[in-house]
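First the proteins, then the strands, lettered A, B, ... as listed; each starts at 1. This one's a predicted model, so the numbers in the text were calculated from it and none came from an experiment.
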Amino acid sequence: MREYDHKKIEKKWQEIWEKKGIYHAKDLSSKPKYYSLIEFPYPSGDGLHVGHPRPYIGMDVISRTRRLQGFNVLYPIGWDAFGLPTENYAIKTGLDPRVVTKKNSDTFRRQIKSLGISFDWSREINTTDPKYYKWTQWIFLQFLKKGLAYKAKMTINWCPKDKIGLANEEVVNGCCERCGTVVEQREKEQWMLAITKYADRLYKDLDEVDYLPQIKLGQRNWIWRSEGAEIQFKIIHPSPTLPQEKGEIPGYHTTDPKNFRLLQEKAVEMRENPTEAERKLWQELKGNKNNFHFRQQHIINKFIVDFVCLSKNLIIEIDGDMHDLQKEKDAERSDIFKILGFEVIRFRNEEVLENIDSVVKRIIKKLDSLNEAKVLPLGEDLGGVFDSTHPLTPSQREGEFDGNITVFTTRPDTIFGATYLVLSPEHSLVEKITTSEQMSYVINYVTKSKNKNKQERVNLEKEKTGVFTGAYAINPSNKEKIPVWIADYVLSTYGTRAIMGVPAHDERDFEFAKKYKLPIKQVITGADLLEGESKDFYEGGGVLSNSGKFDGMDSEKAKKEIIKFIGGKEKVTFKLRDWVFSRQRYWGEPIPVIHCEKCGMVPVPEKDLPVELPKVKNYQPTDSGESPLVNITKWVNVKCPICGGKAKRETDTMPNWAGSSWYYLRYADPKNKKEFAGKKNLKYWLTPPPSPLQRKGKSKVLPFGEDIGGVDWYNGGNEHTTLHLLYSRFWHKFLYDLKLVPTNEPYMKRTSHGMILGEGGVKMSKSLGNVINPDDIVKTYGADTLRIYEMFMGPFDQSVVWSTESIIGARRFIEKVWRIGNKVNLPPTPFPRKGGRITKVLPLGEDLGEVKKLLHKTIKKVSEDIEAMRFNTAVSTLMILANEMDRSEVSLADYKKFLQLLAPFAPHITEELWSLITSPQLSPKGREKLKSPPLGEVGGGSIHLSTWPKWDANLIKDEEVKIAVQLNGKVRAEILAQADATEEDIKKKAFLNESVAKYIAGKEIRKVIYIKNRLMNIVV
RNA sequence: GCCGAAGUGGCGUAAUUGGUAAACGCGCUGCGUUCAGGACGCAGUGAGGGCAACCUCGUAAGGGUUCAACUCCCUUCUUCGGCACCA
């Protein structure tokens, strides 16, 4: 009796497979191709835990099955190795991230290889390999060429702990996705990728692909496409009014004309009667004494400040008894100065009187540290304050002020019910339209809103707030005069940052209108409202009323008509924003751009790629938020590729989404030195081959660049279904437009797997100490057992809690398979089992029928289950068959088919048994002596290169079936009958049945329901 | 708040899509084999009642549709995901 020694068997076959390269995909083979893909792992320092391999095993089952079905399968792997954990580790230890990455991926590789996954290791890639990121940089240059990569000053989400800028999508509830620190806003020059240019296609083409519904939903939610209209509202009280007589007011004034006139007199008076301290300081500051020009008692907004240097926007204030009134409003005053871009230094009277030298020194020092400020021309002194922090792309800006405010709405049909307008506090026209009476309230409100963090602002529990601007607009539908408000419930990142308030038909507007007592006007009567039902606000469609000539029209139809009537513009708006593509970090792909003093920004010539990441001593990001690369002067200082003059390299690097946005393309041609991947290979691997298993029956070979297709099946984690997928779809479509890839979409089919959780149903993590290392499991139970268990433990797409206790079941199953092998392998004579029992021996041929039947049912069920990723029930079906084979006599041919069904799940033991039973000319002993036993069947090959068994439909049919007999829906008996027996036959049999007879005795039979081959229900 | 998925033995879960609820596995109980052990074998294992054949109840709770409901509909509760003022 041969013992099952998993260690020996698994090691042996892994070596043989590798040596023979049986899992290598063949480029341009005449066989139909199949491309199955998993998300390539990030090789972390913790090594693999048992959760990692679940998707690899799942797709391995798919890939192995496809090979047996005759496909040339590409199932590749690589390392997504740029990223923060490695960089943080480098910062902590001072080790080169390259060394750390190598070490980590070596561990991952060893661990993954020990599981017998059929990856094509000859195509292994690594995003941190210059040979790889050369092409990441190359693709970036194509974006740059087409104007889709650009630099913009942006308010970015800044994580003070990780010291990097975060993309919007990396901010979760106002906190950094990875470390949980509250995110700050900072203004920075950033590289951007114009993903918004592809928003519509990214949205619409989802119809073409086979993704799980929730994945499509995630994509759609992120892009958020709204069809609506842009409508202009005329403002009838634009402010400030320009002064009537030019020249009356000096050009350096810093308030609107109305305030200027009011305050001018007072300022003159104050200038004439300074305090002692003011007089003393003015002696030091006046007349460009320190190369800076100061003004005294100057009007700014609605305040008079003591001294101001307008070229540096610095205000000097001396606190004395003079300004009691203003002192009370200090907070408001400072806020307003801040928003206007002024810095304020305050001194006490005594300081000036007693130590004037130190006061002057401090002022000069401050002045030196400040940048030159632009003296604003008349009438524009308050404008544009918010523009620099504008998060929208230029095309989405509100435009120059021409007396109109543009709003975006999806409900133009409700415009007759618009009773006010609301601007977001960030709207660039806020100051232009605000009347001077309201100016200080508005600035106050805007300042407060800006100081709220995103979370506070989005907090829905809180009451909406707002402030009236003093201005009015004309509703273009009915020419009514409606007030214009500012409120931070209007988002600064969507639409035109201005909305029309329709309280009767929008819940948010309703809330706001109620609070500020704004009129509520019903213009739609709901068609789906029940008779007599009324709601304070109604958001559905219906019939228009109070809408002039549109009264009685259906709201859907009215939308277009009204847009025409009021001169609006149909418009599709997206939530999706352009992608912030720079990181001020070391461990990423350098952005291949050079800044020349003369020529400006110059792309690195393609022949100079890759721009290799230089080695540095210190990986710490700088506090100023610049990349550690800025300090590597040798690397930074280069000659301009155009003029040869002095130039500097870009020091920003790419985010870690970059390398993973196109890696699946590289697998098609991983060693190509001339292109990111050759067109022939891409076409072979990405477009559907003419094969029977093809989807949608599209078998025609289409010319390059016109194909549907992509990776056949891509499985990955739920956490990546939105962003990674969106980004790589964007890159792919861009490359498609350049005719560099043959298909419009990168992935034809996308599924996701559930996580394996540690004890207590929580994520496995080092800090919780609940990590299970697959090495230990493989050592004790074997890779096959681990694989079977991971497939068996629960539905593949659901999270499951790991239980080492339960693995034993999978191991027992594997051993049972082994035991049956021993039985089958020998001539049909009584064979002593371990434990002394004797296998039931049947005359050859007899009873084999039952096993055969079950086998064919199993072939069908397992084949179907694998396609639907129901691996758990596939395994349980195999267990049922094994139990039956263990009990009965089994023919060699049937056992072989069973092994083939099991092979995708347990590749080692099946290969071993396959090799043992299929070379009968060699005794087991003889085989063992061979260093490298012959692969597979006599004259054949490995079980993994054999042919997937087919089921015989005739054998699946049962000749005799059990039929349940119910009385009034309760099962009272079970009868055996010929399959396909008529209802009459069954009825006769049922009525003869003892217990049935008992129940129907003396009762009237009202109805008999018969479900063929299943049950009969007798109603009495 | 909105949307989605789910809730079944002590545990992981299954159920031909409206047709015998609990397959398969873990655990547990008994017996067997063994000097012993269990990663062995056999049998049992939803709850309650009965010596038994059998009977009653049972898929989060309640109600409904149906000859028949884990499955469909309504209400409520719980859990987990996603979105979260996107006009």
Checklist entry - Which residue, A/Gly809 or A/Lys970, contacts RNA chain B at a nucleotide closer to its 5' end, judged by nearest heavy atom? => result A/Gly809
Checklist entry - For B/A39, does OP1 or OP2 lie under 4.0 Å from any side-chain N or O of A/Tyr781? => result no
Next on the checklist: My validator wants the stems of RNA chain B: runs of 3 or more consecutive Watson-Crick or G-U pairs, both distances under 3.5 Å, written as range with range.
Outcome noted: B:1-7 with B:77-83, B:10-12 with B:24-26, B:27-32 with B:40-45, B:46-49 with B:54-57, B:60-64 with B:72-76
Item to check | Length of the NZ-C1' vector between A/Lys816 and B/G41, whole Å | outcome: 10 Å
Checklist outcome for this item: Of B/U56, B/C67, B/A84, the nucleotide closest to the side chain of A/Arg972 is B/U56
Item to check | Note: A/Glu426-A/Arg497 ion pair, threshold 4.0 Å (strictly below) | outcome: no
Next on the checklist: Looking at A/Tyr999, I'd like to know whether one of its side-chain N or O atoms comes within less than 4.0 Å of OP1 or OP2 on B/C55.
Outcome noted: yes
Item to check | Check: A/Phe813 ring centroid to A/Trp818 ring centroid under 6.0 Å | outcome: no
Checklist outcome for this item: Protein heavy-atom contacts under 4.0 Å, written 5' to 3' over nucleotides 9-17 of chain B as B (base), S (sugar-phosphate only) or - (none), form the string ---BSS-B-
Checklist entry - Can you check B/G63 for me, syn or anti if syn means within 90° of 0? => result anti
Next on the checklist: Would you compute the distance between atom NZ of A/Lys816 and atom CD1 of A/Ile820 and round it to the nearest 0.5 angstrom?
Outcome noted: 7.5 Å
Checklist entry - Can you tell me how far C1' of B/A5 sits from CD1 of A/Ile215, to the nearest Å? => result 14 Å
Next on the checklist: Taking any heavy-atom pair under 4.0 Å as a contact, classify A/Ile880: base, sugar-phosphate, or nothing.
Outcome noted: sugar-phosphate
Checklist entry - If you find the nucleotide of RNA chain B closest to A/Leu1015 and the one closest to A/Arg225, which residue's nucleotide is nearer the 5' end? => result A/Leu1015
Next on the checklist: Checking contacts here: which listed nucleotide (B/G25, B/U20, B/A39) is nearest the side-chain heavy atoms of A/Asn883?
Outcome noted: B/G25
Next on the checklist: To the closest 0.5 Å, what do you measure between CG (A/Asp797) and CG (A/Asn718)?
Outcome noted: 8.5 Å
Checklist entry - Rounded to the Å, how far apart are A/Glu426 CD and B/C85 C1'? => result 14 Å
Item to check | Given B/A87, B/C85, B/C67, the nucleotide with the shortest approach to the side chain of A/Lys464 | outcome: B/C85
Next on the checklist: side-chain hydrogen bond (donor to acceptor under 3.5 Å, both in side chains), that's the test. Do A/Ser888 and A/Glu884 meet it? Break it down for me.
Outcome noted: CA-CA 6 Å; A/Ser888 323; A/Glu884 188 55 34; 3.1 Å; yes
Item to check | Integer-rounded Å distance: B/C40 P and A/Tyr4 OH | outcome: 14 Å
Checklist entry - Taking the P atom of each, how far is B/C74 from B/C55, in whole Å? => result 36 Å
Next on the checklist: Using a heavy-atom cut-off of 4.0 Å across all strands, would you classify A/Glu974 as base, sugar-phosphate, or nothing?
Outcome noted: base
Checklist entry - With rounding to whole Å, what would you report as the distance between B/G48 and B/A39 at their P atoms? => result 30 Å
Next on the checklist: Roughly how many Å apart are B/C40 and B/U33, using the C1' atom of each and rounding to a whole number?
Outcome noted: 8 Å
Next on the checklist: Does this structure show an ion pair linking A/Glu983 with A/Lys987, if we count only N-O contacts that are shorter than 4.0 Å?
Outcome noted: no
Checklist entry - Between atom CZ in A/Arg811 and atom P in B/A39, what is the gap in whole Å? => result 11 Å
Checklist entry - Expressed as a whole number of Å, how far does the P atom of B/C11 sit from that of B/G7? => result 15 Å
Item to check | Sugar-phosphate only, base, or nothing, as touched by A/Thr409 at under 4.0 Å among non-hydrogen atoms | outcome: sugar-phosphate
Checklist entry - By side chain to side chain donor-acceptor pair (under 3.5 Å), which residues pair with A/Asn993, not counting sequence neighbours? => result A/Ser995
Checklist entry - To the side chain of A/Thr780, which of B/C83, B/A39, B/C85 is closest? => result B/A39
Item to check | Conformer about C1'-N of B/U17 - syn within 90° of 0, anti elsewhere | outcome: syn
Checklist entry - Could you give the CD1-to-P distance, from A/Ile1009 to B/U66, as a whole number of Å? => result 13 Å
Next on the checklist: One pair to check against side-chain hydrogen bond (donor to acceptor under 3.5 Å, both in side chains): A/Thr751 and A/Tyr211. What are the steps and the verdict?
Outcome noted: CA-CA 6 Å; A/Thr751 51; A/Tyr211 295 178; over 6 Å; no
Next on the checklist: Looking only at the side chain of A/Val490 (C-beta and beyond, no hydrogens), which of the listed nucleotides B/G19, B/A87, B/G25 gets closest?
Outcome noted: B/A87
Item to check | Close aromatic pair by centroid cut-off 6.0 Å: A/Tyr420 and A/Phe512 | outcome: yes
Next on the checklist: By nearest atom, which of the nucleotides B/G27, B/G19, B/C83 is closest to the A/Trp222 side chain?
Outcome noted: B/C83
Next on the checklist: Using a heavy-atom cut-off of 4.0 Å across all strands, would you classify A/Lys962 as base, sugar-phosphate, or nothing?
Outcome noted: base
Item to check | Same-atom distance (P) from B/U71 to B/U65, integer angstrom | outcome: 15 Å
Checklist entry - Ring centres of A/Phe792 and A/Phe871 under 6.0 Å apart? => result no
Checklist entry - Separation of A/Asp509 atom CG from B/C85 atom C1', in whole Å? => result 10 Å
Checklist entry - Is A/Arg54 salt-bridged to A/Glu790, going by a charged N under 4.0 Å from an acidic O? => result no
Next on the checklist: For A/Phe796, does the six-membered ring have the charged nitrogen or CZ of A/Arg870 within the cation-pi criterion, i.e. under 6.0 angstrom from the centroid and within 45° of the normal?
Outcome noted: no
Next on the checklist: Suppose you measure atom P in B/G44 against the same atom in B/C54; what distance do you get, rounded to whole Å?
Outcome noted: 16 Å
Checklist entry - A/Gln214 has an atom CD; how far is it from atom C1' of B/A5, in whole Å? => result 8 Å
Checklist entry - Given B/C83, B/G27, B/A87, which nucleotide is nearest the side-chain atoms of A/Arg812? => result B/G27
Item to check | Nearest-Å distance once atom P is located in both B/U79 and B/A53 | outcome: 43 Å
Next on the checklist: Distance check, C1' atoms only: B/U59 and B/U78, in whole angstrom units.
Outcome noted: 16 Å
